[in-house]
Amino acid sequence: MLTIYNTLTGRKEPFRELVAGRVGMYVCGMTVYDHIHVGHARSQIAFDVVRRWLQACGYQVNYVRNITDIDDKIINRARELGEMVEALTARHIESMNEDFAALGIRPADHEPRATRFIPEIVAMISTLIAKGNAYVGESGDVLYSVSSFKAYGQLSGRKLADLRAGSRVEVDEKKRDPLDFVLWKRAKPGEPSWDSPWGLGRPGWHIECSAMAVALLGDSFDIHGGGMDLKFPHHENELAQSCAACDTPFVQVWMHNGFVRVNDEKMSKSLGNFFTVREVLPRLRPEVLRAFVLASHYRGPINYGEDNLRQADAALQRLYLALRDVLPAAGYEPGEATRRFTEAMNDDFSTPEALAAMQSLARELNVVKAAGDGPAASAYAAELRTLGAILGLLGERPEVWLATHSELTGAAESAAGRPEPAEIDRLVAARTKSRRTRNFAESDRIRDELAGHGVVLEDGPTGTSWRWQ
RNA sequence: GGCUAGGUGGCAGAAUGGUCAUGCAGCGGCCUGCAAAGCCGUCUAUGCCGGUUCGAUUCCGACCCUAGCCUCCA
């Protein structure tokens with residue numbers, strides 16, 4: 001039985017889908033004005049795994065991940081770069097998709113863009129005005145009236161009075177309530193705009209998600225996910241709009257992932273302490289980043305740093321080493337590892353425990369391998385790869401993975417100074433010759449030399465193989 | 001100030017009203033010419049103070065500390 005922690009209720013609850021066998025899921029995606037960073041990657045990996053697990057459980061998942069392609073930041077960035085908004089967003093959507101693919105984050109079933117859903121957005125705003133939940137302010141913007149929705153604050157656990165008392169809420173005289181937020185923003189000259197009953201303008205941030213989610217998943221759906229920082233105000237507002245417009249509970253389960261930290265601080269655009277995925281990937285196998293993310297529970301924080309990445313790499317390498325030289329069987333009888341893995345994933349997607357189960361399975365695999373039990377090893381290998389696939393891991397061939405150099409885990413050797421494979425093969429052959437003549441001083445010298453370049457030698461019954469450390 | 005989530009071994013990170021995963025690192029052994037890989041064994045932990053209990057790391061309360069949100073942010 002799958003249980004999921006629901007932000008709305010503050011506890012883990014048994015998951016009950018609205019329509020038997022089907023799950024509608026909406027995850028907040030990217031605002032496309034820059035390359036994605038590790039924090040974004042974490043969030044998308046987390047929900048990618050949620051989706052994969054739901055599918056592994058037999059659900060037919062309708063996965064929607066939006067793209068915010070119009071807002072102030074985009075307009076400002078385009079202006080700074082002297083570029084058209086369309087060109088800027090197209091560029092970054094492409095960049096985002098490349099990064100997602102590298103990290104094994106699968107495309108969503110629907111990837112709606114705000115600018116393609118203007119009619120739906122306008123319609124929802126009209127409904128809100130008609131129902132008395134929204135009004136046209138003095139500035140010409142359309143605003144949502146928070147006091148018109150009595151459950152406002154339920155998701156983030158806040159009371160309107162507390163929020164109003166918050167020292168950082170800016171008082172805007174044009175609003176009836178300082179907490180009212182924009183649904184439709186009137187365009188200033190030169191800004192991209194769309195026609196509406198309230199004049200030329202563009203949608204506010206929150207309304208696009210409401211309108212697109214309802215358009216693609218219906219008035220009420222199963223799971224809505226996003227980063228912790230979206231809980232308030234974004235999801236609170238989204239919830240208020242959608243409930244008021246549709247008179248439905250909107251979302252069954254709200255899920256929020258924790259942050260990536262750098263030196264115990266949130267990695268964020270505003271703090272400037274972020275690493276983009278594309279600057280990090282050249283010296284980090286994408287799968288290592290994925291393993292690093294999954295080594296922690298999705299709701300907790302993770303610290304981005306060399307030590308932790310190295311550990312993730314070592315753990316992953318251990319799994320690949322176990323799989324090396326074993327042909328996975330076509331079928332197998334799921335064992336203790338699968339049972340433990342399943343239980344872990346059913347417990348609010350506890351990927352650290354699931355990975356622990358995989359490590360134990362790798363040990364069993366190593367044992368039967370060493371004992372020369374080929375059929376048992378093949379069965380375990382198949383089981384391990386199946387479990388790995390659910391997490392989007394272990395998709396590579398072991399030999400290929402092990403031959404891939406990772407600067408992080410390798411010697412302090414720059415890419416330029418790294419020896420060529422042909423040169424390594426030559427040295428390995430020379431060492432083998434020395435070993436045959438029992439000239440161990442020379443053979444050890446060669447091994448040390450290679451070790452200095454991050455090359456690890458392994459002597460086996462069929463000869464010597466090498467891999468990058 | 002309000003709200004939320006946390007504080008577990010050298011590090012990372014699970015779980016649990018009584019026996020505290022898993023990986024890395026360390027130590028001992030097997031294997032090896034020696035190593036590596038692998039296997040076996042093994043050391044170190046539950047922020048602080050009270051309470052409930054036969055027994056709490058786990059439940060309750062206070063305190064301290066950390067992070068996050070309350071403004072754009074995955």
Side-chain angles (χ1 to χ4, degrees), chain A residues 5 7 10 27-31 34 36-47 71-73 76 153 156-159 161-170 179 205 225-234 236 256-261 264-271 274 291-292 295-297 299-303 305 307-319 321-322 324-325 340 344 347 350-360 362-363 365-367 369-371 402 435 438-441 443-444 447-448 451 455-460 464-467 469:
Chain A
Y5 181 88
T7 305
V27 172
C28 282
M30 239 47 66
T31 299
D34 204 346
I36 74 164
H37 64 62
V38 175
H40 301 127
R42 185 207 185 169
S43 182
Q44 294 310 324
I45 289 169
F47 290 109
D71 88 326
D72 288 357
K73 293 189 293 294
N76 291 338
S156 52
R158 294 151 206 271
K159 297 185 185 80
D162 293 342
L163 284 164
R164 291 196 186 99
S167 55
R168 293 196 281 173
V169 174
E170 220 172 288
L179 296 171
W205 178 33
M228 213 77 129
D229 45 3
L230 297 183
K231 200 156 87 175
F232 188 90
H234 184 236
E236 190 71 60
H256 296 277
N257 66 276
F259 299 125
V260 175
R261 294 185 194 169
D264 285 330
E265 256 186 346
K266 176 185 173 185
M267 178 184 287
S268 74
K269 303 289 283 188
S270 36
L271 288 170
F274 62 92
F292 159 70
S296 300
H297 185 83
R299 279 188 284 122
I302 51 176
N303 273 302
D307 280 357
N308 293 343
L309 290 167
R310 208 182 296 272
Q311 284 193 22
D313 188 286
L316 199 52
Q317 174 165 289
R318 196 175 126 77
L319 298 178
L321 282 167
R324 183 170 57 171
D325 302 325
R340 194 173 151 203
D347 182 15
S350 188
T351 54
E353 173 66 16
L355 286 168
M358 287 169 64
Q359 289 290 346
S360 296
R363 165 158 293 127
L365 169 52
N366 283 327
V367 169
K369 216 164 97 178
L402 291 167
R435 288 180 73 222
R438 303 192 66 81
N439 183 357
F440 296 123
S443 65
D444 287 353
R447 186 174 64 203
D448 291 346
V455 178
V456 180
L457 298 186
E458 295 180 314
D459 297 329
T464 301
S465 61
W466 65 270
R467 62 182 163 84
Q469 192 178 2

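All values below come from the heavy atoms of this structure, side chains included, with hydrogens, waters and symmetry mates left out. Order of the sequence lines fixes the chain letters, A, B, ..., with proteins taken first and strands second; residue numbering starts at 1 for each chain.
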Quantified in whole Å, what is the [atom1] atom distance between nucleotide [N] and nucleotide [M]?
N	M	atom1	value
B:C27	B:C20	P	25 Å
B:G28	B:A37	P	16 Å
B:G9	B:A5	P	22 Å
B:C59	B:A15	P	12 Å
B:U8	B:U66	C1'	15 Å
B:C65	B:C72	C1'	29 Å
B:G18	B:U46	C1'	15 Å
B:C60	B:U53	P	16 Å

Please report the distance, rounded to the nearest Å, between [atom1] in [X] and [atom2] in [N].
X	N	atom1	atom2	result
A:K73	B:A74	NZ	C1'	12 Å
A:D229	B:A74	CG	P	6 Å
A:N257	B:C73	CG	P	14 Å
A:K159	B:G2	NZ	C1'	9 Å
A:H37	B:C73	NE2	C1'	7 Å
A:E265	B:G6	CD	P	21 Å
A:K266	B:A74	NZ	P	8 Å
A:L230	B:C73	CG	C1'	7 Å

Listed by chain and number, what are the side chain to side chain contact (heavy atoms under 4.5 Å, CB included) partners of [X], not counting sequence neighbours?
X	value
A:A362	A:L319, A:A322, A:L384
A:T464	A:V428, A:R431, A:T432, A:R435, A:L457, A:D459
A:D448	none

#### Entry: 5'-to-3' dot-bracket of RNA chain B (Watson-Crick, G-U; under 3.5 angstrom; crossing pairs as [ ]; | other strand)
(((((((..(((.....[...))).(((((.......)))))....(.(((..]....))).))))))))....
Those residues that, when tested against [X], pass salt bridge (Lys or Arg N to Asp or Glu O under 4.0 Å) (two or more places apart):
X	value
A:K266	A:D229
A:K73	A:D71
A:R363	none
A:E265	none

### Task
Scan nucleotides 34-44 of chain B nucleotide by nucleotide, 5' to 3', and note B when protein non-hydrogen atoms come under 4.0 Å of the base, S if they reach only the sugar-phosphate, - if neither.
BBBSSSS----
### Message
Across nucleotides 9-14 of chain B, 5' to 3', mark each nucleotide with B, S or - according to how protein heavy atoms within less than 4.0 Å reach it.
### Response
--BSSS
### Query
Taking only residues two or more places apart in sequence, or in another chain, which ones meet A:F274 in a ring pair (Phe, Tyr, Trp, His ring centres under 6.0 Å)?
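Checked A:F274 against ring pair (Phe, Tyr, Trp, His ring centres under 6.0 Å); matches are A:H37.
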### Query
Does A:H297 have any ring pair (Phe, Tyr, Trp, His ring centres under 6.0 Å) partners at least two apart in sequence or in another chain, and if so, which?
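With neighbours one apart ignored, the set is empty.
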### Query
So what does A:G225 hit on the nucleic acid, given a heavy-atom distance under 4.0 Å: a base, only sugar-phosphate, or nothing?
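No contact at all - A:G225 keeps every heavy atom at 4.0 Å or more from the nucleic acid.
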### Query
Which part of the nucleic acid, if any, lies within reach of A:R158 when heavy atoms closer than 4.0 Å are counted: base, sugar-phosphate only, or nothing?
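Here A:R158 touches the bases of the nucleic acid.
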### Message
If I take atom CG from residue A:L321 and atom NZ from residue A:K369, how far apart are they, to the nearest 0.5 angstrom?
### Response
7.5 Å
### Query
Do A:L271 and A:M267 touch side chain to side chain, with heavy atoms closer than 4.5 Å?
no
### Task
Look only at the side chain of A:E236 and the backbone of A:S156, and say whether a donor-acceptor pair between them is shorter than 3.5 Å.
yes
### Task
For A:K269 and for A:F259, find the nucleotide of RNA chain B with the closest heavy atom, then tell me which residue's nucleotide is more 5'.
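Going by which nucleotide is closer to the 5' end, it is A:F259.
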### Task
Return the 5'-most residue of the pair A:T31, A:L271 with respect to RNA chain B, ranking by each residue's nearest nucleotide.
A:L271
#### Entry: Evaluation steps, salt bridge (Lys or Arg N to Asp or Glu O under 4.0 Å), between A:R447 and A:D444
CA-CA 5 Å; A:R447 186 174 64 203; A:D444 287 353; 3.6 Å; yes
